[in-house]
Amino acid sequence: MIRVRMAPSPTGFLHIGGVRTFLFNWLFARGREGGECLLRIENTDTGREVAESTEQIKRSLSWLGIDWDGEVRFQLDRMDECQQLARRLVDEGKAYEDEGAIRFRMPDDGETGWDDVVRGRIDFPNAQLEDVVLVRSDGRPTYNFASPVEDMLDGISHVIRGSDHVSNTPKQIQVLGALGAELPVYAHASDVLGTDGKKLSKRHGAQSVDELREQGYIPAAIVNFLARLGWAYDDKTEVFSREELVEHFSLERVSASPAVFDYQKLAWLNGVHLRNLPPEEYADRVSAYLRDQGAEWKEDLVRKAAPLVQEKIETLAEFQAYTRFLFEDVSPDPSLLDGGSPVLAEAEIALAGLEPFTADQIERVLRGLAERLELKPREAFQPLRIAVTGSKISPGLFESLELLGREETLRRLRAARGAAA
RNA sequence: GCCCCCAUCGACUAGCGGCCCAGGUCGCCACCCUUUCAAGGUGGUAGCGCGGGUUCGAAUCCCGCUGGGGGCACCA
C-alpha cells in the first residue's frame with residue numbers, strides 16, 4: 001500500500017518550492033496502483049499560524065489540479081494520541097520529564113541512518129542528536145514528535161520532503177524505533193534556488209502560486225516546469241502533459257542537487273502549453289484570467305479575439321496588449337502614419353463595398369491593392385495596421401479587421417487619414 | 001564552531017568505466033519563412049570546479065581541497 005502526505009505548515013501562502021515537493025508526492029501516489037496522497041496541515045506551532053492560510057493552500061493546490069484523498073487533517077488533532085504515546089515512552093524509560101516538557105532520550109553512541117531514495121545512504125553520529133522535546137510544557141506536541149507519530153498512525157509508506165528535513169530524519173527514526181513502528185521509506189528532494197543561487201525567497205520575483213497565476217501562467221505549464229526541476233525522464237523530453245508526468249515520474253530519477261528556478265524557461269513552457277490548448281479551452285483560460293484580474297471586457301468578444309493571439313503570447317498577461325484595439329478606440333502616432341495616406345485612402349474605398357467582410361475577402365482585396373500601388377505587402381499593410389490597431393504590433397491584420405467590423409474599420413481609416421494629413 | 005548533503009554549458013538536465021574530443025531543452029546570436037509580433041525551420045555560442053589516486057581506459061569509482069546548500073529551538 002502506497003500512501004504519502006503533503007504537509008504544509010499554515011504560515012502563509014503556498015511557496016513554489018513547497019509546491020514542487022507536494023507535486024512529487026502527488027505524482028508518485030497517482031502513478032502507483034491504489035496510491036493515496038493525504039493533505040496534512042502541520043499546525044503544532046499555534047503561535048505562527050496565519051489565519052486563512054489553510055484555505056489559501058487548498059485553493060492553490062486545487063487550481064493546480066493537485067488533489068488529495070480524504071479530509072484535510074490537522075496535526076494538532078492528534079494531540080491526545082501524542083500525549084499518551086509520550087507518557088508511554090516515559091514509563092518505559094525512553095523519555096523523561098524536563099521542567100514540565102517531555103524529552104526523548106537519544107542514544108549517545110553509534111549511528112542512525114537510512115537509505116534515502118534520492119540521496120543514497122545517510123548516517124548521523126548519535127552523539128550529534130540532542131534529546132528533543134516531544135511534548136511542550138503546555139501539552140502541545142512538537143513537530144519532531146507529531147510528524148512521525150502521525151506518519152505511523154496514518155500508515156505513511158513514503159516520506160517525500162525537502163532536503164531541509166534531512167537532519168530531522170535521524171531523530172524521527174529514533175522516535176519511531178522507540179515506538180516500535182515500522183519505518184517509512186524516505187526521499188529527500190533538493191531545494192529550489194533563486195536566480196542568484198540562494199534559496200528561493202521574497203527577493204526573487206514570483207514565489208507563490210497566486211503570483212504566478214496573476215502573471216498569466218497556467219497550471220499545465222507550472223506543473224510541467226516544476227516536475228522538470230530536479231527530475232528528468234530521459235535525455236530529450238521537455239514537454240509533458242499531466243498524464244504523462246503521472247505515468248513517467250519516479251523517485252529514483254529525482255536529483256539530489258539543488259535546482260535554480262528559471263523564469264525564462266517557465267515562460268517558454270507556458271507558451272507551449274497555451275498553444276497546445278484546444279481553442280475552446282484556450283478561450284476559457286483567457287476569459288477566466290481576465291475575470292480574475294478584474295478586467296471588464298465583453299466575454300463574447302474576448303472569446304472571438306482569443307484565436308487571433310493563441311500563437312503569439314507566452315503568458316495570459318499579454319493578451320490585453322495585443323487585443324486592446326478591439327475593445328477601445330485607438331490614437332495612432334501620426335509620425336508612424338507618414339506617407340501611408342494613399343494606402344489608407346485606397347483601402348477605405350476598397351473595403352467600403354466588400355461583401356462579405358471576412359478575413360479571406362479582406363486579404364484578397366488588400367493584396368490586390370498593394371499590387372496596384374506597387375508596394376511590398378509589408379509596406380502596404382503596416383500603415384493600415386497602425387491606423388486600425390494603433391500599434392506596430394498586432395494580431396494578423398485581416399482577421400483583426402474582420403473582427404473589428406467594416407464600420408469601425410472604415411471609421412479608423414478615415415480618422416488616420418485626417419491625422420496623417 | 002559541529003553535523004549532513006550537493007557539484008556537467010548562463011539555466012534545467014542526459015550520462016550510472018570504453019557508445020562522450022559530452023547529448024537534449026531554455027536563453028543568446030545568425031540565417032530562412034513571413035502582413036507586424038510571435039510561432040516554425042536551419043545553423044551557431046557555451047560545460048564535466050581544482051588536485052591527487054584506481055584502471056589498459058574516468059564526466060562516470062576513491063581521497064583531499066574549493067565552492068554552494070541545509071541543519072544544530074518547548075519553529076516546522
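Just so it is clear: chains get the letters A, B, ... in the order the sequence lines come, proteins before strands, and each one is counted from 1.
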- [ ] Answer with base, sugar-phosphate or nothing: what part of the nucleic acid does A:Pro8 contact at a heavy-atom distance below 4.0 Å?
- [x] nothing
Open item on the list: Whole angstroms only, please: what is the CG-P distance between A:Asp45 and B:A76?
Closed with: 5 Å
Open item on the list: Does the plane of the ring in A:Phe261 sit parallel, tilted or perpendicular to the ring in A:Tyr263? Use 30° and 60° as the thresholds.
Closed with: tilted
Task: Nearest-angstrom distance from the residue atom CD of A:Gln172 to P of B:C4 - done: 18 Å
Open item on the list: Nearest to the side chain of A:Ile122, heavy atoms from C-beta on, is which of B:C4, B:G10, B:G23?
Closed with: B:C4
Open item on the list: Under 4.0 Å from OP1 or OP2 of B:U13: is there any side-chain N or O of A:Arg228 that close?
Closed with: no
- [ ] With a 3.5 angstrom cut-off on both distances, give the Watson-Crick or G-U wobble partner of B:G51, or none if there isn't one.
- [x] B:C63
Open item on the list: Would A:His165 count as stacking on B:A76 if stacking means ring centres less than 5.5 angstrom apart and planes tilted under 30 degrees?
Closed with: yes
Task: A:Asn168 (side chain) and B:A76 (base): donor-acceptor pair under 3.5 Å - done: yes
- [ ] Kindly say if A:Arg136 contacts the phosphate of B:C75, meaning a side-chain N or O under 4.0 Å from OP1 or OP2.
- [x] yes
Task: Heavy-atom donor-acceptor pair, A:Ser167 side-chain to B:C3 base, under 3.5 Å - done: no
TODO: Please state whether the rings of A:Phe240 and A:His248 are parallel, tilted or perpendicular, taking 30° and 60° as the class boundaries.
DONE: perpendicular
- [ ] Check the distance between B:G27's C1' and A:Glu238's CD and give it to me in whole angstrom.
- [x] 13 Å
Task: C1' atoms of B:C48 and B:C9, separation to the nearest Å - done: 10 Å
Open item on the list: For a quick check of understanding: with a heavy-atom distance under 4.0 Å over all strands, which category does A:Glu363 fall into, base, sugar-phosphate or nothing?
Closed with: nothing
TODO: Take atom P in B:G68 and the same atom in B:G49, then report the distance between them in whole Å.
DONE: 16 Å
Open item on the list: Rounding to an integer number of Å, can you tell me how far A:Arg5 CZ sits from B:A76 P?
Closed with: 14 Å
TODO: Quickly work out the A:Asn224 CG to B:U25 P distance and round it to whole Å.
DONE: 15 Å
Task: N/O donor-acceptor pair, side chain A:Lys265 with base B:U25, under 3.5 angstrom - done: yes
Open item on the list: Using a heavy-atom cut-off of 4.0 Å across all strands, would you classify A:Arg40 as base, sugar-phosphate, or nothing?
Closed with: nothing
Task: Geometric class of the A:Phe249/A:Trp231 ring pair [parallel <30°, tilted 30-60°, perpendicular >60°] - done: tilted
Open item on the list: What I want to check is whether the side chains of A:Gln56 and A:Ser53 have a donor and an acceptor closer together than 3.5 Å.
Closed with: no
TODO: Find which nucleotide of RNA chain B each of A:Thr142 and A:Ser163 is nearest to by heavy atoms, and output the residue with the more 5' nucleotide.
DONE: A:Ser163
Task: Shortest side-chain distance from A:Ser257, nucleotide among B:C37, B:A7, B:G15 - done: B:A7
- [ ] Using a 4.5 Å cut-off on heavy atoms from C-beta on, say whether the side chain of A:Glu42 contacts that of A:Pro8.
- [x] no
- [ ] Ignoring backbone atoms, establish whether A:Arg119 has a side-chain N or O less than 4.0 Å from OP1 or OP2 of B:G70.
- [x] no
Task: Comparing A:Ile313 and A:Thr237 on RNA chain B - which has the more 5′ nearest nucleotide - done: A:Thr237
Open item on the list: Does the structure show a Watson-Crick or G-U wobble partner for B:G40, both distances under 3.5 Å? Name it, or say none.
Closed with: B:C32
Task: Candidate nucleotides B:A76, B:U13, B:U36, ranked by approach to the side chain of A:Ala232 - the nearest - done: B:U13
Open item on the list: Using the side-chain heavy atoms of A:Gln382, tell me which of these nucleotides is nearest: B:A76, B:U36, B:C6.
Closed with: B:U36
Open item on the list: Tell me whether the rings of A:Tyr143 and A:His165 are parallel (<30°), tilted (30 to 60°) or perpendicular (>60°).
Closed with: tilted
Open item on the list: Please pick, from B:C26, B:C37, B:A76, the nucleotide with the shortest atom-to-atom distance to any side-chain atom of A:Tyr143.
Closed with: B:A76
Open item on the list: Measure CH2/A:Trp114 against C1'/B:C5 and give the value in whole Å, please.
Closed with: 10 Å
Task: Sub-4.5 Å side-chain heavy-atom contact between A:Leu89 and A:Leu134 - done: yes
Open item on the list: What contact category does A:Ser190 fall into here, base, sugar-phosphate, or nothing, at under 4.0 angstrom with non-hydrogen atoms?
Closed with: nothing
- [ ] Select base, sugar-phosphate, or nothing to describe what A:Leu229 touches, counting heavy atoms under 4.0 Å on all strands.
- [x] sugar-phosphate
TODO: Measure from CZ on A:Phe325 to P on B:U36 and round the result to the nearest Å.
DONE: 16 Å
Task: Gap in Å between the two C1' atoms, one belonging to B:C19 and one to B:A58, rounded - done: 15 Å
TODO: Report yes if a donor N or O on one partner sits less than 3.5 Å from an acceptor N or O on the other, where the partners are the side chain of A:Arg378 and the base of B:U36; otherwise report no.
DONE: no
Task: Shortest side-chain distance from A:Ala101, nucleotide among B:C74, B:C72, B:G27 - done: B:C74
TODO: Side-chain contact test, heavy atoms from C-beta onward, threshold under 4.5 Å: evaluate it for A:Arg213 versus A:Ile222 and give yes or no.
DONE: no
Open item on the list: Could you check whether the side chain of A:Glu311 and the base of B:G40 have a donor-acceptor pair of N or O atoms closer than 3.5 Å, going by distance alone?
Closed with: no
Open item on the list: What is the separation between atom CG on A:Asn270 and atom P on B:U25, rounded to the nearest whole Å?
Closed with: 20 Å
Open item on the list: Taking the minimum atom-to-atom distance to the side chain of A:Arg275, which one of B:G40, B:G71, B:C4 wins?
Closed with: B:G40
